[in-house]
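Working notes, structure below.
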Amino acid sequence: MSDKGALLEKLKGIVIDGIIEDSEGATKEALGQGVEPLEIVEKGLVPGIEEAGARFSRGDYFLPELVASAEAMQTAMAVLDPLLRAKQEARKTLGHVLLGTVEGDIHSIGKNIVGALLQAAGFVVTDLGANVAVGTFVAKARELRPNIIGMSALLTTTMVKQQQTIEALAKEGLRSGLKVMVGGAPVTGDWAKKIGADDFAEDAVAAVAVAKRLVGA
Ligand code: B1M
């Protein structure tokens with residue numbers, strides 16, 4: 001295996017095993033060896049957290065182990081996030097995205113990656129965080145008048161909050177001229193269509209392409 005491959009495998013293992021104390025050092029080591037930040041995310045950290053999730057589904061991992069894996073991933077992301085954001089591709093602002101994970105859902109890792117890449121692509125991103133109430137999305141949409149609202153949902157039980165937010169935006173007369181993009185592991189194109197979202201993206205790279213299309217950039 002190449003040095004790069006070995007470093008990515010090491011990072012994957014650190015996330016799977018939840019070795020929080022090794023995560024920052026291994027991430028910096030990979031960067032020092034010239035591995036691109038997005039490659040570290042996509043080929044090291046994401047496969048690691050997906051394997052931890054699969055073990056959790058099978059009952060091989062309990063919640064504390066999943067939490068340790070998530071923390072190892074977040075420790076690495078704290079190093080990578082500014083680098084992902086710093087890669088400004090566009091000189092002028094492409095638009096304003098209001099982003100958040102829906103109510104009842106505390107998953108934030110994927111949403112944060114989406115936000116970082118949108119910012120790098122030239123969008124101004126207001127990140128409302130996780131567990132964002134329907135009313136908060138609506139109030140912030142009224143206050144900030146973004147071009148796009150982006151909602152992430154990782155739980156099958158919280159996907160419905162995307163629908164409720166879209167309905168609430170329409171009820172408050174805020175839907176016209178505002179694009180809605182949805183995403184998160186259980187979210188599909190069919191779901192997006194069903195709830196009246198303008199589009200959906202499968203991953204963070206696709207989210208940038210979708211957001212650009214939505215604002216006609
Ligand atoms: Co949770 N969790 N979790 N979890 N967790 C899942 C989602 C689960 C599938 C695990 C499993 O059972 N295999 C399962 C959901 C099952 C279901 O709904 N059917 C689950 C569960 C059950 C739970 C709890 C209920 C566990 C419990 O308490 N018993 C609990 C929920 C608490 C709550 O939210 N109320 C819980 C808690 C946690 C942790 C806190 C331990 C941690 C989250 C830490 C954090 O985010 N701050 C966690 C994690 C890490 C996961 C898994 C393992 C990984 C999620 C992740 O970060 N993936 C996950 C299993 C899995 O997905 N394989 C799981 C990496 C990330 C880069 O990918 O988030 O998919 P993802 O984002 C991608 C795309 O989806 C897309 O782009 C991103 C980047 O490419 N995308 C968008 C995301 N948002 C987008 C928005 C867009 C466009 C694209 O436009 C706006």
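Just so you know, residue 1 is the first one in the sequence shown, and it goes up from there. Atoms within each ligand, like the ligands themselves, are counted from 1 in listed order.
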Carboxylate-amine/guanidinium proximity below 4.0 Å for Lys194 and Asp190: no

Which residue and heavy atom of the protein sit nearest atom 47 (N) of ligand 1, plus the separation: Ser108 OG, 3.0 Å

Within-cut-off N or O pair, Val46 and ligand 1, under 3.5 Å: no

Atoms of ligand 1 close to Met151 [distance to a heavy atom under 4.0 angstrom, numbered from 1]: 91 (C)

Member of Ile40, Leu45, Thr27 meeting the side chain to side chain contact (heavy atoms under 4.5 Å, CB included) criterion with Met77: Leu45

Distance filter under 4.0 Å to Gly150 heavy atoms, resulting ligand 1 atoms: 91 (C)

Residue pair Pro146 / His96: nearest heavy atoms and the distance that separates them: CB-O, 3.5 Å

Approximate separation, where rounding is to 0.5 Å, of Leu99 CG and Ser108 OG: 11.0 Å

For atom 17 (C) of ligand 1, the protein heavy atom that lies nearest, with its residue and separation: Thr156 OG1, 3.6 Å

Nearest neighbour in protein (non-hydrogen) for atom 72 (O) of ligand 1: Gly110 CA, 3.3 Å

Ile106, any N or O under 3.5 Å of ligand 1 N or O: yes

Hydrophobic cluster identity match, Val114 and Met159, side-chain contacts under 4.5 Å: no

Sub-4.0 Å heavy-atom approach of Glu202 to ligand 1: yes

Taking every non-hydrogen atom, the tightest pair across Ala201 and Met181: CB-SD, 4.5 Å

Distance-only N or O hit between ligand 1 and Leu155, under 3.5 Å: no

Ligand-side contact atoms (ligand 1) for residue partner Val114, heavy atom cut-off under 4.0 Å: 77 (O), 81 (N), 82 (C), 85 (C), 89 (C)

Short N or O distance, Thr157 and ligand 1, threshold 3.5 Å exclusive: no

4.0 Å heavy-atom contact, Gly184 with ligand 1: yes

Per-atom contacts, ligand 1 versus Asp105 - under 4.0 Å to a heavy atom: 34 (O)

Ala201: numbered ligand 1 atoms lying under 4.0 Å from its heavy atoms: 88 (C), 89 (C)

Validation row: Glu50, Val46 side chains within 4.5 angstrom (heavy atoms): yes

Shortest protein heavy-atom distance from atom 54 (C) of ligand 1, along with the residue and atom involved: Ile49 CG1, 3.7 Å

Check: Asp17 side chain, Ile19 main-chain N or O, donor-acceptor pair, under 3.5 Å: no

Any non-hydrogen protein atom less than 4.0 Å away from atom 82 (C) of ligand 1: yes

Any donor-acceptor N/O pair, Asp105 side chain to Leu154 backbone, under 3.5 Å: yes

Minimum-distance protein heavy atom relative to atom 10 (C) of ligand 1: Phe56 CD2, 4.0 Å

Residue, atom name and distance, where the atom is the protein heavy atom closest to atom 44 (C) of ligand 1: Ala70 CB, 3.8 Å

Ile109 to Met73 - nearest heavy-atom pair and separation: CG2-CE, 3.5 Å

Distance-only N or O hit between ligand 1 and Asp203, under 3.5 Å: no

Lys12 with Glu51: basic N within carboxylate O range, under 4.0 Å: no

SB check Lys10 Asp22 (cutoff 4.0 Å): no

Interfacing atoms of ligand 1 (cut-off 4.0 Å, heavy-atom, Ser57): 11 (C), 12 (O), 13 (N)

Part of Leu154 within contact of ligand 1 (heavy atoms, under 4.0 Å): both

Any N or O of Ala204 closer than 3.5 Å to N or O of ligand 1: yes

Under-4.0 Å heavy-atom contact with ligand 1, by part of Val182 that carries it: backbone

Atoms in ligand 1 flagged as close to Ile113, the criterion being non-hydrogen separation under 4.0 Å: 67 (C)

Under-4.0 Å salt bridge between Arg213 and Asp199: yes

Residues Glu167 and Lys171 bridged, charged N to O under 4.0 Å: no

CD/Glu202: more than 12 non-hydrogen atoms of other groups inside 6.0 Å: no

Sub-4.0 Å atoms of ligand 1 with respect to non-hydrogen atoms of Gly53: 11 (C), 13 (N), 53 (C)

ILVMFWY cluster, Leu84 and Val210 together (side-chain gap under 4.5 Å): yes

For atom 35 (N) of ligand 1, closest protein heavy-atom neighbour: Gly104 O, 2.9 Å

Identity and distance of the protein heavy atom lying nearest atom 64 (C) of ligand 1: His107 NE2, 3.8 Å

